[in-house]
Each structure stands twice: as C-alpha cells, then as structure tokens.
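Everything below concerns the one structure shown next.
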Amino acid sequence: MAPHHLPFYLAPGSGVDTLMVVMGIFLIGTVFWVGTLYWKLHSLPERMAHKSQKLQFEFVAVLGLISLFTHMHVFWVAGLLLALIDLPDFGTPLRSIAGSVEKIADATPVEAGDALADSSSDREAGLSPPAQSGPAKEKERSHV
C-alpha cells in the first residue's frame with residue numbers, strides 16, 4: 001500500500017534493499033583497501049632496508065614485527081630511521097685485511113743458516129741467487 005513515488009533508497013515491498021547491498025559491497029571493498037594501505041605503510045621500512053646490508057635489514061624487520069604485535073609505534077619509527085641511515089661497511093675492509101694477513105702468514109720464511117749456505121755455494125759456482133717469488137716477496141705498493 002506504499003505510494004508509487006517512493007525514493008530509490010527505500011526498500012520496496014519485495015524485501016531486497018538495493019542500497020544496503022551496494023553499501024555492504026562498498027564497505028567490504030573499503031576495508032580491504034585500507035588494510036592493504038596499512039600493510040604497505042607498515043612494511044615501508046623493510047622495503048627501504050631491503051637494498052642495504054643483511055644485518056641492517058634484519059634489525060629493521062625485527063623492529064617492524066615488534067611494532068606490529070605490541071602496537072607501540074616507537075619501534076616502527078626506529079625501524080624507519082634505521083632504514084633511512086646508511087651504515088658504513090666495516091666488513092669488507094676487515095675481510096681484505098684478514099685475507100692479506102693470511103697470505104703473509106702462509107709465506108714460508110727462509111731460515112738464515114739455509115740462506116747463507118745457498119748464497120755462498122751459488123757465488124762459488126758463479127750463479128746468481130734465484131729470484132724468490134710468492135706473497136712475501138711481491139713488489140710492495142706505496143700508500144703515499
């Protein structure tokens with residue numbers, strides 16, 4: 001017994017409320033969109049630190065997880081700041097130094113008594129001493 005000029009947003013007598021169905025779909029879509037936006041924002045420090053060193057990336061990832069489960073935003077901010085800062089690479093020069101020291105340590109030094117006996121017998125035979133090669137006798141580079 002409703003009049004025929006009712007607005008579109010009122011449910012007709014059949015019981016199908018079109019506006020409620022459209023708003024329900026809109027609400028579900030909005031919730032998924034906001035959730036996706038939240039996850040992208042939450043993973044921002046990890047995505048920024050992904051191109052840095054492995055240790056720095058792991059710290060940022062752990063801070064992100066802590067902030068996710070404790071709801072304390074200070075951990076997320078700390079992870080973001082750590083992702084923005086480029087930490088100096090101390091590992092590569094130290095590995096290079098360690099490798100050089102190992103090469104020096106592996107070079108077998110000639111004992112003084114053996115060297116004198118070899119050089120005197122060579123001089124008597126008229127031979128020049130053999131050129132010693134190896135890591136210990138390579139040409140020294142100047143760092144100046």
Sequence neighbours left out, what pairs pass salt bridge (Lys or Arg N to Asp or Glu O under 4.0 Å) with at least one residue falling in residues 55-67? Lys54-Glu58
So which atom in [X] and which in [Y] form the shortest heavy-atom distance, rounded to 0.1 Å?
X	Y	answer
Leu82	Phe59	CD2-CB, 3.6 Å
Leu84	Met48	CD2-CE, 2.7 Å
Arg47	Lys40	NH2-O, 2.6 Å
Phe75	Thr70	CD1-OG1, 4.0 Å
Ala83	Pro45	CB-O, 3.4 Å
His42	Gly64	NE2-O, 3.1 Å

Is it the case that more than 12 heavy atoms not belonging to Phe32 sit under 6.0 Å from its CZ atom?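 No.
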Verify same cluster id: [X], [Y] (apolar side-chain graph, 4.5 Å):
X	Y	result
Leu27	Leu19	no
Leu65	Met72	no
Phe57	Val62	no
Val74	Ile66	yes
Trp39	Phe69	yes

Measuring from [X]:[atom1] to [Y]:[atom2], what's the distance to the nearest 0.5 Å?
X	Y	atom1	atom2	answer
Ile25	Met20	CD1	CE	10.5 Å
Leu68	Leu63	CG	CG	12.5 Å
Leu41	Thr36	CG	OG1	12.5 Å

Backbone N/O of Gly79 and side chain of Glu46: donor-acceptor pair under 3.5 Å: no
